[in-house]
Amino acid sequence: AQSVAQPEDQVNVAEGNPLTVKCTYSVSGNPYLFWYVQYPNRGLQFLLKYITGDNLVKGSYGFEAEFNKSQTSFHLKKPSALVSDSALYFCAVRVPSGSARQLTFGSGTQLTVLP
Amino acid sequence: DTGVSQDPRHKITKRGQNVTFRCDPISEHNRLYWYRQTLGQGPEFLTYFQNEAQLEKSRLLSDRFSAERPKGSFSTLEIQRTEQGDSAMYLCASSLGQSNTEAFFGQGTRLTVV
C-alpha cells in the first residue's frame with residue numbers, strides 16, 4: 001500500500017525567507033509525486049510533479065521540489081516566501097502501474113508566511 | 001470556464017435524507033475521481049472511473065454510497081440515509097488517461113448533515 005507523510009502540521013516563515021515543506025512517501029516501485037495547494041473553501045490546485053529525470057522539478061508560483069530516492073522524500077521549496085503563499089499544502093503519490101490509479105495524499109501542512 | 005465543476009457547492013441535509021452531487025470533468029479527461037476531505041485532513045480516495053467504468057472503490061465507500069458516470073462524461077455521487085459522519089467536503093477530480101498526468105480538482109461540495 002502507498003502512503004505519504006507530512007511530518008509538520010504547521011510551518012511558519014517570515015516573508016522573504018526561504019521555505020521548505022517536508023514530505024516522505026512509501027510505495028512499492030517508483031513513485032509519481034505531486035504537490036497541491038489549497039486555499040480556504042477551495043479545491044486543490046496543482047503545483048508541480050515528479051515523474052522521472054531531473055530530481056529538481058520546478059512548478060507554479062516559483063515553487064520547486066527535490067526528489068530524493070534514497071530518503072524517499074519530496075520536499076517542497078521556495079527561495080523567497082510571499083504572504084500570499086499562506087495556504088494548506090498537500091503532497092501526494094501515485095504508482096505508475098498496477099491496479100491503483102488514485103492519488104494518495106498526506107495530511108497536509110499549513111504554511112503561514114508572516115509579513 | 002473549462003475546469004472541473006461541482007454542484008451544489010454547499011448542501012445542508014437532515015440525517016436520514018438522501019443527497020446527490022454532480023461533477024462535470026474537463027471535457028477531454030477520461031478519468032474521474034471522487035475524494036472526501038474532512039477538516040484538517042488530506043483528501044481520501046472514494047472511487048475512480050475510466051470513461052463509464054467504475055474501476056476502483058475504496059473501503060470508505062459504504063453501501064450507502066453509489067457513484068455513476070453513465071456516458072463517460074459527468075458523474076453523480078449519491079449518499080443514501082445520510083449520517084452526521086458523512087459531513088465533509090466531497091471533491092471531484094479528472095485527468096487524462098496516463099498515470100503521469102496530474103489530476104485537476106473541482107471546488108468541492110461541502111455537505112453538512114444535521
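Note on naming: letters A, B, ... go to the chains in the order of the sequence lines (proteins, then strands), and numbering restarts at 1 for each one. Source: prediction; values computed, not measured.
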### Query
Side chain, backbone, both or neither: which part of Leu44(A) has an atom under 4.5 Å from a heavy atom of chain B?
both
### Query
Side chain, backbone, both or neither: which part of Tyr50(A) has a non-hydrogen atom closer than 4.5 Å to chain B?
neither
### Query
Backbone N or O of Ser84(A) within a donor-acceptor pair of the Glu15(A) side chain at under 3.5 Å?
no
### Query
Does a side-chain N-to-carboxylate-O contact under 4.0 Å join Glu102(B) and Lys49(A)?
yes
### Query
Do NZ/NE/NH1/NH2 and the carboxylate oxygens of Glu83(B) and Arg15(B) come within less than 4.0 Å?
no
### Query
For chain B, which of Gln6(A), Gln45(A), Gln110(A), Gln38(A) has the most heavy-atom pairs under 4.5 Å?
Gln38(A)
#### Entry: Proximity breakdown for Glu44(B) and chain A, heavy-atom pairs closer than 4.5 Å
neither
### Task
Consider only side-chain N and O atoms of Asn12(A) and Gln10(A), and report whether a donor and an acceptor are under 3.5 Å apart.
yes
### Query
Does a donor on one side chain sit under 3.5 Å from an acceptor on the other, for Gln54(B) and Glu68(B)?
no
### Task
Tell me, out of Pro43(B), Ser95(B), Gly40(B), Gly106(B), who's got the most heavy-atom pairs with chain A below 4.5 Å.
Pro43(B)
